[in-house]
Amino acid sequence: MLYRPTAVMGCKMYLVTHEQEYLDWAIKCYDYMLNVLQDKSDHLFYDNVRPNKDDPNLPGDIETNKYSYNSGQPLQAACLLYKITGEQKYLDEAYAIAEACHNKWFMPYRSKELSLSFNILAPGHAWFNTIMCRGFFELYSIDNDRKYVDDIEKSMLHAWSSSCHQSNNLLNDNDLRGGTSKDSWEILQQGALVELYAQLAVLERGNR
């Protein structure tokens with residue numbers, strides 16, 4: 001579904017150019033996601049919607065699977081729209097989406113390597129989870145609340161310190177808890193995990 005990345009890109013293009021057309025498209029895409037793709041019972045977003053068979057300009061059947069990136073990009077878009085417009089409704093929705101994402105895609109965990117208990121990123125597609133985490137980082141840039149960022153950071157520190165980190169310096173990309181071995185990796189997944197480390201390093205540098 002292109003509504004998600006278009007909403008985020010529209011906001012970013014507006015911030016660079018201040019051309020109203022980009023913001024208008026971002027808001028249009030964001031509103032469509034809320035009206036058509038969001039599950040109002042939990043604030044998360046469905047995977048996609050097919051065109052209506054009778055009128056392709058109207059939404060048809062909805063694929064109700066929920067993946068972390070499906071909600072992460074609306075979270076990031078809500079944060080960006082709040083930064084641009086200052087309208088509280090966007091920040092309120094961002095908080096609701098963030099909490100819902102945290103509840104669904106993080107799980108309680110005790111790391112013996114870190115001697116810490118925290119909520120670790122749950123097993124799943126590393127690229128999807130990284131896209132979700134972009135939303136958490138965007139929210140942090142607004143409120144400086146490390147509630148979600150701390151769990152991301154501890155997840156990645158644990159991954160590097162545990163058996164998730166292989167002797168070839170690659171990580172088990174679908175389960176950051178470790179405890180399993182692998183003999184093949186995908187560059188897309190490894191690149192996504194590198195992005196998380198880079199984002200955390202930028203935050204750490206900014207806090208010094």
On a heavy-atom basis, which atom in Ile152 and which in Cys133 lie closest, and how many Å separate them? CD1-SG, 3.6 Å
Between Asn172 (side chain only) and Asn174 (backbone N and O only), is there a donor and an acceptor less than 3.5 Å apart? no
Atom pair CG (Leu121) and CG (Asn129), whose distance is rounded to the nearest 0.5 Å: 5.0 Å
Is Val194 linked to Leu196 within one hydrophobic cluster, defined over Ile, Leu, Val, Met, Phe, Trp and Tyr using a side-chain heavy-atom separation of less than 4.5 Å? no
Answer yes if Leu170 and Leu157 sit in the same cluster of Ile, Leu, Val, Met, Phe, Trp and Tyr residues linked by side chain heavy atoms under 4.5 Å apart, and no otherwise. no
Locate the shortest heavy-atom distance separating Ala26 from Leu81; write the atom from each residue and the value. CB-CD2, 4.5 Å
Before giving the answer on side-chain contact (heavy atoms from CB on, under 4.5 Å), spell out for Phe118 and Tyr109 the whole-Å C-alpha distance, their side-chain angles and the decisive distance to 0.1 Å. CA-CA 6 Å; Phe118 59 97; Tyr109 187 73; 4.2 Å; yes
Are Leu188 and Tyr69 co-members of a hydrophobic cluster defined by side-chain heavy atoms under 4.5 Å apart? yes
Please tell me if the side chains of Asn168 and Trp185 come closer than 4.5 Å, counting only heavy atoms from C-beta onward. yes
Given 3.5 Å as the limit, does a donor-acceptor pair link the side chain of Gln190 with the main chain of Leu171, or not? yes
Taking only Lys NZ, Arg NE, NH1 and NH2, and the carboxylate oxygens of Asp or Glu, determine whether Asp175 and Arg177 approach each other closer than 4.0 Å. yes
Output yes when Lys66 and Asp39 qualify as a salt bridge under the 4.0 Å nitrogen-oxygen rule, no when they do not. yes
Using a strict threshold of under 4.0 Å (side-chain N to carboxylate O), is an ion pair present between Lys104 and Glu99? no
Euclidean distance, Thr64 OG1 relative to Leu37 CG, rounded to 0.5 Å: 11.5 Å
Let me see the working for Tyr90 and Tyr30 under ring-ring contact (aromatic ring centres under 6.0 Å, His included), right down to the final yes or no. CA-CA 10 Å; Tyr90 294 119; Tyr30 178 80; 5.5 Å; yes
Quick one: sort the Trp160 and His165 rings into parallel, tilted or perpendicular, breaks at 30° and 60°. parallel
Do Asp151 and His102 get their side chains close enough for a donor-acceptor pair, meaning under 3.5 Å? yes
Is any side-chain heavy atom of Ile84 closer than 4.5 Å to a side-chain heavy atom of Leu23? yes
What one should report as the nearest heavy-atom pair of Ala98 and Phe136 is O-CE2, 3.5 Å
Regarding Lys112 and Ser162, is there a side-chain donor-to-acceptor distance under 3.5 Å anywhere? no
Cluster question for you: counting only ILVMFWY and a side-chain heavy-atom cut-off of under 4.5 Å, with indirect links fine, are Val149 and Val202 together? no
Checking the side chain of Ser68 only, and the main-chain atoms of Phe128 only, is there a donor and an acceptor separated by less than 3.5 Å? yes
Is a side-chain donor-acceptor pair under 3.5 Å present for Gln88 with Glu93? no
Does atom CH2 (Trp127) have a neighbourhood of more than 12 heavy atoms from anything else shown, all under 6.0 Å? no
Minimum side-chain heavy-atom gap Ile131-Gln73 below 4.5 Å: yes
Rounded to the nearest 0.5 angstrom, the CE-CD1 distance for Met132 and Ile97 is 12.5 Å
Rounded at 0.5 Å granularity, tell me how far NE2 in His43 sits from OG in Ser71. 11.0 Å
Tell me, do Phe45 and Met33 make a side-chain contact under 4.5 Å, heavy atoms counted? yes
Heavy atoms of Ser111 and His158 approach each other most closely as OG-ND1, 2.8 Å
Heavy atoms of Gln189 and Ala126 approach each other most closely as OE1-N, 3.5 Å
Working to the nearest 0.5 Å, report the span between CG of Leu139 and SG of Cys79. 4.5 Å
Heavy-atom count around Gln166 CD within 6.0 Å, excluding the residue itself: above 12? yes
Result block: side-chain N/O donor-acceptor pairs under 3.5 angstrom for residues 8-17, not counting sequence neighbours:
unit_1: Thr17; atom_1: OG1; unit_2: Met13; atom_2: O; d: 2.8
unit_1: Thr17; atom_1: OG1; unit_2: Glu19; atom_2: N; d: 3.1

Is the closest side-chain donor-acceptor distance between Tyr95 and Asp143 under 3.5 Å? yes
Are any non-hydrogen side-chain atoms of Gln199 and Glu153 less than 4.5 angstrom apart? no
Got a second to check how far Glu195's CD is from Leu200's CG, nearest 0.5 Å? 10.5 Å
Please report the C-alpha distance between Tyr22 and Ile27 in whole Å, then the side-chain angles of each, then the deciding distance to 0.1 Å, and finally whether the side-chain contact (heavy atoms from CB on, under 4.5 Å) criterion is met. CA-CA 9 Å; Tyr22 291 122; Ile27 292 173; over 6 Å; no
Counting only heavy atoms from other residues, nucleotides and ligands, does the tally under 6.0 Å from NZ of Lys40 exceed 12? yes
Could you check whether any side-chain N or O of Glu63 sits under 3.5 Å from a backbone N or O of Asn65, counting only pairs where one atom can act as donor and the other as acceptor? yes
Without swapping roles, check the side chain of Asn70 against the backbone of Tyr67 for a donor-acceptor pair under 3.5 Å. yes
Heavy-atom pair with the smallest gap, counting every atom of Pro123 and Met107: CD-SD, 3.6 Å
Can you confirm whether Trp25 is buried at CH2, in the sense that more than 12 heavy atoms of other residues, nucleotides or ligands lie under 6.0 Å from that atom? no
Return yes if some donor-acceptor pair links the side-chain N/O of Glu113 with the main-chain N/O of Ser161 below 3.5 Å, else return no. no
When you look at Leu203 and Phe137, which way does the side-chain contact (heavy atoms from CB on, under 4.5 Å) test go after all the steps? CA-CA 9 Å; Leu203 290 186; Phe137 289 125; 3.6 Å; yes
With side-chain contact (heavy atoms from CB on, under 4.5 Å) as the test, would you mind laying out the steps for Val49 and Tyr32 before giving the verdict? CA-CA 11 Å; Val49 57; Tyr32 185 90; 3.6 Å; yes
